[in-house]
Structure formats: C-alpha cells, structure tokens
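Working notes, structure below.
Below, all heavy atoms of this structure are taken into account, side chains as well, without hydrogens, waters or symmetry copies. Just so you know, residue 1 is the first one in the sequence shown, and it goes up from there. Predicted model, so just to flag it, every value in this text is computed and none were measured.
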Amino acid sequence: MSTLYDTSFLDTVRHRLPLSEVIGKRVNLKRRGVSTIGLCPFHNEKTPSFHVRDDKGFYHCFGCGAHGSIFDFLMKTESLNFPQALERAAGMAGVSLPVSTLENTKRKRTWELQKAPVFQTLKATTALYINNLEHNKVLKNYIANRGIKENSSKAFCLGYAKPNKEDLQRLIKTYDLSESSFVHAGLLGKDHRKNIYYPRFRDRLVFPIHDLKGRIVGFGGRVLKDGQQPKYLNSPDSEIFHKGQLLYGLYHIKKGWAEAQSMKKISKQFSTDLIIVEGYMDVIALQQAGFSAVAPLGTALTEDQVALAWQHTSTPTLCFDGDSAGQHAALRALERTLPLLRPGYTLNFITLPQGEDPDSLLTRGQHKTFEHLLNTALPLVDVWWKNLTSKAKISTPENKAHFKNYVYKQLEVIKDASVRESYRQEYSQRLYKLLNPYTPHATPLRRASTSIKLDTLNRVPQDTQACLILATLLHHPVLIEQVEHEAIHLPLDGQLKKFHTLLLDQIFQTSNLENYDLYTHLHNKGFDKLLEKLSNLEVYELAPFAHPKATLDEALKGWRSLWKNFAEVKELDQEIAVLANELKKNPSPKSWERLRELTEVRRSHQLPSNDGEDSEFEV
C-alpha cells in the first residue's frame with residue numbers, strides 16, 4: 001500500500017464500511033463468536049474456514065491462507081488496483097475520495113510544519129507543569145491520598161499550574177517561543193476589556209491530553225479548593241485539539257497493548273475490553289488497577305468518540321455515576337449511539353451505587369465490587385427497553401396500541417437495516433409478553449444440556465412433536481416469513497388441527513407478521529388449557545428452541561428439524577397407500593414384504609390422534 005495515501009482517510013473508510021458487509025455480498029456469512037464465517041471465495045471447500053473479523057478489519061482463510069483487508073478483498077475479487085479499490089470502497093462507504101492523496105500528503109506535511117511551534121509550546125508547558133508538581137509536596141500528598149501512585153502520575157504526565165502568570169512568561173523567553181503559539185495552544189486567553197492575555201490554567205491540577213500519536217494536544221485542569229468554579233476546565237477547541245474526537249487515556253492503553261504484544265505477554269492491564277467513565281481521575285485509577293478505561297474530555301459522549309471506541313473493541317462499557325446527572329449522561333450516550341449501531345457493535349452499561357464513582361470505589365479497595373459490576377453490565381438493548389417502558393401506560397387496548405406504535409417509531413432511529421430488524425424482532429417478543437395478560441408465566445430457558453438433541457427428536461411420539469412444533473410457532477410467530485408453506489401443510493387432526501388453523505389465521509391477519517394478541521385470541525376461543533400446556537416446563541425441556549426467549553435462529557433450526565420428521569411421515573403414508581393399492585390388483589410376496597417394512601417404520605412415527613388421548617400433553 002502506498003504511503004502517499006492518508007492513513008486517517010483509509011481508517012475512515014474501514015470504520016464506515018464493515019468488512020463483513022462487503023464480503024457478505026459475495027459470501028454467505030454466519031456469525032460465530034467474534035467472527036463471521038463462510039466458504040472461502042478463493043478456493044473450493046465444503047466446510048467453512050473463511051473467517052471475517054470486523055473488529056480487526058481483516059479476513060483470513062484457515063484452508064488456503066488467504067488474508068487481507070477490505071481493499072485487498074476488492075482488489076482480488078474485482079481485479080482492481082489499489083487506487084481503484086479505494087475509490088470503490090469509499091463510494092460504498094459514502095465517503096468523498098480526496099482529489100489528490102499526494103496533494104493531501106504535502107498539505108499535511110505543511111500543516112505539521114506550521115503547527116510545530118504549537119506542539120513545542122505544549123510540550124514545554126507540560127514539562128513546566130510536571131516540574132511544578134514535583135516541588136509541591138502538599139499537592140503530591142493530595143494525589144497520593146487519592147490512591148494515585150507516583151509511576152501512574154508520571155505515566156500520565158500530571159502537573160500543576162501555578163496561580164500566577166510569571167511561569168508562562170519565563171517559558172516564552174527561555175524557549176524563544178511566540179505569545180501567539182500559546183494562544184493557539186489554548187494556554188493563554190484574552191481579556192478583551194483590558195486587552196491583555198491571561199493564563200487559562202491557574203492553581204489547578206493539570207492532566208495533559210495526548211492524541212493517538214502520543215503528542216500532547218491540550219490540557220484538562222481540576223480545581224484544588226472546594227467551591228472554586230468551574231471544577232474542571234479543558235483547553236478550547238483548536239486546529240490541533242478537538243474535544244469531541246478524542247478519548248482521555250486511550251493513547252496509554254494503546255501503548256500498553258503494543259508493548260504487551262511486542263513482549264508476547266498477556267496481561268489484564270492490556271485487555272481489549274474498554275470502559276468509558278466520566279472523570280480523568282477515574283481513568284488513572286482504573287488503568288492503575290488493571291482496567292482499560294478512557295473518558296470523554298469534559299463533554300457528553302459524542303458520536304465520534306463512540307466510533308473511536310469501536311475501533312478498539314466492539315462492545316465498550318459505559319460507566320456512569322448513580323446520581324441523576326450520571327443517569328442523564330447515560331441516556332444521552334444511548335440516544336447518540338442508536339443511529340450508529342451496526343452488526344456486531346453495541347454498548348454495555350454500568351450504573352454505580354449512589355454517591356460512588358470508580359475512583360472512590362478503588363480508593364476504598366473495592367476492586368472486586370467494580371469487577372462484579374463490570375461482569376454484570378447491562379447490554380444496550382436492555383437499557384433502552386427499560387427506558388422505553390419506564391412510563392408506559394398499557395391499561396387499555398387503546399393505550400397498548402399507542403405504546404406498540406411508539407416503540408416501533410423509536411426503532412426508526414437505527415440506520416442499519418439489519419440491526420433495526422433484529423431490534424424489531426427482539427422488542428416484538430418483549431411486547432408480546434408485556435401486553436398479554438393471558439400469557440402463561442414462562443419457565444427459565446434450559447439450554448441443550450437438559451434437552452433432547454435435534455437429531456433425536458424423531459424418537460419423540462408424533463403427538464408430542466405436534467405440540468412442540470405448535471409451541472415454537474406460537475412463541476415465534478415471525479417464523480411464518482420463512483416457513484409459511486410447511487406451516488400451512490402440517491399433518492394434524494382433531495383439536496390440534498383447529499388450534500393450528502386459528503393460530504395461522506391470526507398470524508396472517510396481523511400486520512408485519514407480528515402478533516401480540518395471539519394468547520388473548522386463542523384463550524377466548526377456548527384453548528386456554530392447551531395454551532398452558534404449550535408453555536410449560538416439559539415443552540421447554542424437550543425443545544428449548546420453543547421457549548419465547550430462544551433466538552429466532554434457534555427456533556427456526558428446531559422447527560425445521562421437527563418439520564422434516566412430519567414430511568417423512570407424509571411421504572411414508574403416500575408410499576404405503578400406493579403399495580396397498582397395487583397389492584389389491586397384483587399381490588406378491590415381495591410387495592407384502594415391502595409393505596410390512598414400511599408399516600414398521602410408520603409405527604415409529606405415530607401421528608397425533610384425533611382426540612389427543614395418546615399424547616403426553618392433554619389437549
């Protein structure tokens with residue numbers, strides 16, 4: 001790849017265009033843990049060995065060794081050179097291609113030369129602040145009492161800005177720096193009434209802010225006296241410092257990850273898990289304790305900061321104080337993130353106890369407490385649902401309808417169609433349970449360890465299978481989109497057939513193939529006893545995929561396994577009927593033997609009885 005291309009632009013294209021989205025147009029990919037996998041497009045294979053990692057930005061085939069980025073894939077599959085692949089990817093990502101990457105490179109070098117005095121000013125000022133702190137025993141004791149060790153203080157370049165302005169004036173003379181570079185660096189502010197400049201940071205503990213290259217681009221300052229306002233002060237935005245595009249502490253984590261990788265050692269300190277907290281002291285305390293923590297720079301979490309966090313982990317965890325301000329910040333972060341959601345990328349949330357922050361917990365030695373909170377963090381889908389339902393009024397049919405429409409309207413904010421549809425399916429199931437008073441209490445979902453394997457379901461009596469297949473469709477009505485033909489032709493009789501007919505009729509009458517009144521409708525038709533049987537523990541032990549909390553993929557796989565058995569029975573019946581008819585016309589020992597064999601096989605596939613008396617489930 002040519003170095004003439006601006007790496008920041010390449011990163012922008014990679015971030016906005018998930019690799020799996022591009023490869024998925026040519027390869028049928030399925031999610032498997034952190035990867036999506038499929039059959040390799042570069043060699044013939046029957047077992048998928050082609051892995052795509054959106055979080056890492058590369059694909060790899062364990063069969064043929066093919067490996068590369070989004071640009072490599074486009075070059076190989078569409079016979080493009082790199083500039084053409086970049087232009088193609090940029091178009092797919094909706095990003096304007098720079099007119100001339102060479103011109104951009106020259107422009108970037110010119111910009112860096114122009115800004116060199118500003119970076120030099122920031123570097124010299126940082127050294128001054130560090131030196132001030134070294135000679136201030138009271139402040140050093142204050143930092144130590146907050147639980148910050150000396151090596152952490154040095155790693156984060158903590159310093160002290162004195163109350164007077166003589167320090168900066170001496171610095172200007174010592175290094176022959178211009179006053180304008182201090183203004184551009186955000187270190188000097190101007191009093192327009194008196195037409196004089198003043199130091200922006202005075203009598204504050206100073207936190208230098210690094211960009212991802214390790215350069216100091218700004219400062220954050222904390223007051224040392226109670227009542228002094230503002231409590232925190234940040235450098236103003238400038239040509240080199242943009243508060244909404246950086247995360248405090250991310251450079252230190254990246255540096256730690258790189259060092260750990262170079263030394264080929266694994267340490268919790270360099271875990272790729274990322275925790276986003278509110279304060280600078282929280283970041284230092286958490287990183288010191290072994291957690292990968294970052295913080296926004298004195299502002300609410302921005303879209304750019306979420307995107308930046310996603311470049312390092314697919315599921316960062318937001319940790320907010322338990323007070324009203326913290327909860328408000330969490331809600332704002334959630335609302336800003338929703339439009340950005342894409343497959344595999346989301347947020348988790350931690351709410352701290354009232355009056356606590358990460359720094360205070362760790363200072364009191366509550367490391368295990370914080371670790372427990374981290375392990376029990378709530379996913380965004382749950383936090384958003386809790387917020388949506390917190391003030392829901394569902395006492396009347398009209399209120400229920402209004403609330404359903406409200407939830408669907410909120411989902412429109414998610415721009416990615418596949419994620420939006422997944423949320424729609426998830427929330428449809430939650431609405432299903434919330435809005436139906438006759439829905440039986442669902443027992444806990446028991447996974448495969450206590451269930452019959454799918455390939456052994458044909459050993460279960462046919463009447464039991466009928467109940468399992470109906471229970472699956474009842475609890476996952478959206479399956480009808482993929483199993484309509486099979487569902488219509490289920491070979492059922494008696495009461496189960498009546499139930500099945502009403503169930504399908506109600507599903508087909510419901511808009512968007514989602515039904516929240518199935519239980520109520522079927523209950524009113526006299527099927528309350530069967531509804532209870534289809535939602536009891538025995539059903540879920542036999543077929544966890546029938547459980548309302550099972551994923552749609554699990555439900556579909558289980559449903560089709562059951563249908564396969566029904567289809568086999570139907571084919572057996574047809575073959576037996578044909579053979580019996582032939583025997584009437586031309587009996588022979590061979591035909592009789594074949595009929596006997598088919599009859600034995602048929603006995604192992606008992607169809608549901610007309611009255612249900614032979615079933616394990618009373619209907």
Side-chain angles (χ1 to χ4, degrees), residues 8 108-109 111-136 139 143 148 150-162 165 167-172 174-189 197 199-222 232-259 279-284 287-288 293-299 304-305 308 312:
S8 64
K108 182 179 178 182
R109 289 172 181 169
W111 181 88
E112 289 179 346
L113 288 172
Q114 291 174 343
K115 301 308 171 189
V118 179
F119 285 114
Q120 183 183 2
T121 297
L122 289 164
K123 185 176 181 180
T125 305
T126 301
L128 170 68
Y129 289 158
I130 292 174
N131 184 64
N132 289 345
L133 178 60
E134 282 296 314
H135 293 85
N136 191 318
L139 188 51
I143 293 173
I148 303 301
E150 188 171 353
N151 60 345
S152 297
S153 178
K154 290 181 178 179
F156 283 86
C157 304
L158 299 190
Y160 172 58
K162 292 182 178 180
K165 60 182 181 181
D167 268 0
L168 294 186
Q169 291 176 340
R170 282 196 296 270
L171 204 61
I172 292 173
T174 302
Y175 289 93
D176 194 24
L177 297 169
S178 67
E179 192 174 64
S180 64
S181 66
F182 280 81
V183 174
H184 288 301
L187 293 166
L188 289 178
Y197 289 99
R200 189 175 298 274
F201 299 97
R202 302 185 302 278
D203 194 24
R204 289 177 180 265
L205 177 63
V206 177
F207 303 83
I209 299 167
H210 299 74
D211 65 11
L212 293 182
K213 293 183 178 180
R215 300 175 301 189
I216 294 170
V217 292
F219 297 98
R222 187 190 191 282
Y232 283 98
L233 179 68
N234 285 292
S235 296
D237 274 10
S238 67
E239 290 179 304
I240 65 170
F241 180 61
H242 304 280
K243 288 192 285 287
Q245 297 177 3
L246 293 171
L247 287 168
Y248 180 74
L250 186 56
Y251 164 71
H252 301 84
I253 294 173
K254 283 192 66 179
K255 183 181 179 183
W257 287 342
E259 290 175 354
Y280 297 157
M281 291 294 281
D282 295 326
V283 169
I284 300 173
Q287 287 201 25
Q288 181 178 274
V294 296
L297 306 181
T299 63
D304 286 335
Q305 288 168 336
L308 181 60
H312 302 280

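Annotation: the span from T126 atom OG1 to L158 atom CG amounts to 11.0 Å, rounded to 0.5 Å. Going from atom CD1 of I240 over to atom NZ of K115 covers 8.0 Å, rounded to the nearest 0.5 Å. Between the CD1 atom in I284 and the CD1 atom in I148 there is a gap of 5.5 Å [rounded to 0.5 Å].
Scanning both residues, H242 and E239, for their nearest heavy atoms gives NE2-O, 3.7 Å. Closest non-hydrogen pair, S178 versus S181, comes out as O-OG, 2.7 Å. Closest of all the heavy-atom pairs between G220 and N234 is CA-OD1, 3.5 Å. Of all heavy-atom pairs between S235 and A185, the closest is OG-O, 4.5 Å. The two residues K165 and P199 have their closest heavy-atom pair at CB-CG, 3.2 Å. When all heavy atoms of A295 and G279 are compared, the closest pair comes out as CB-O, 4.0 Å.
For residues 241-251, every residue pair satisfying the salt bridge (charged side-chain N to carboxylate O under 4.0 Å, His left out) rule, not counting sequence neighbours, is listed here: D237-K243.
Counting heavy atoms from C-beta on, the side chains of H312 and K254 come closer than 4.5 Å. Residues V217 and F119 are in side-chain contact: their nearest non-hydrogen atoms beyond the backbone lie under 4.5 Å apart. Looking only at side-chain heavy atoms (C-beta outward), L133 and I143 come within less than 4.5 Å of each other.
The closest side-chain donor-acceptor pair between N131 and Y160, if any, does not fall under 3.5 angstrom.
Applying the salt bridge (Lys or Arg N to Asp or Glu O under 4.0 Å) rule to E150 yields the partners K154; only residues at least two apart in sequence or on another chain are considered. The side chain to side chain donor-acceptor pair (under 3.5 Å) check on S152 picks up Q288, with sequence neighbours excluded. The ring-ring contact (aromatic ring centres under 6.0 Å, His included) check on Y280 picks up F207, Y248, with sequence neighbours excluded. Judged as a side-chain contact (heavy atoms from CB on, under 4.5 Å), and not counting sequence neighbours, the contacts of Y197 are E179, V183, L188, K190. In this structure, D304 has no salt bridge (Lys or Arg N to Asp or Glu O under 4.0 Å) partners at least two apart in sequence or on a different chain. By the side chain to side chain donor-acceptor pair (under 3.5 Å) test, R200 pairs with no residue at all, sequence neighbours left out. With sequence neighbours excluded, no residue forms a salt bridge (Lys or Arg N to Asp or Glu O under 4.0 Å) with R202. Taking the side chain to side chain donor-acceptor pair (under 3.5 Å) definition, one finds that S238 meets it with nothing, sequence neighbours left out. For H210, the ring-ring contact (aromatic ring centres under 6.0 Å, His included) test picks out Y251, H252, with sequence neighbours left out. Every residue meeting the side-chain contact (heavy atoms from CB on, under 4.5 Å) condition with T125, not counting sequence neighbours, appears here in chain and number order: T121, Y129, L168, L171, F182, L187, F219. For the side-chain contact (heavy atoms from CB on, under 4.5 Å) test, no residue two or more places apart in sequence or in another chain qualifies with K123.
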For this session: Test side-chain contact (heavy atoms from CB on, under 4.5 Å) on N132 and V206 and set out the steps.
Result: CA-CA 10 Å; N132 289 345; V206 177; over 6 Å; no

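No donor-acceptor pair closer than 3.5 Å links the side chain of Q245 to the backbone N or O of Q305.
Remark: of the listed residues I216, V118, L122, L297, L297 is the sole one forming a side-chain contact (heavy atoms from CB on, under 4.5 Å) with F241.
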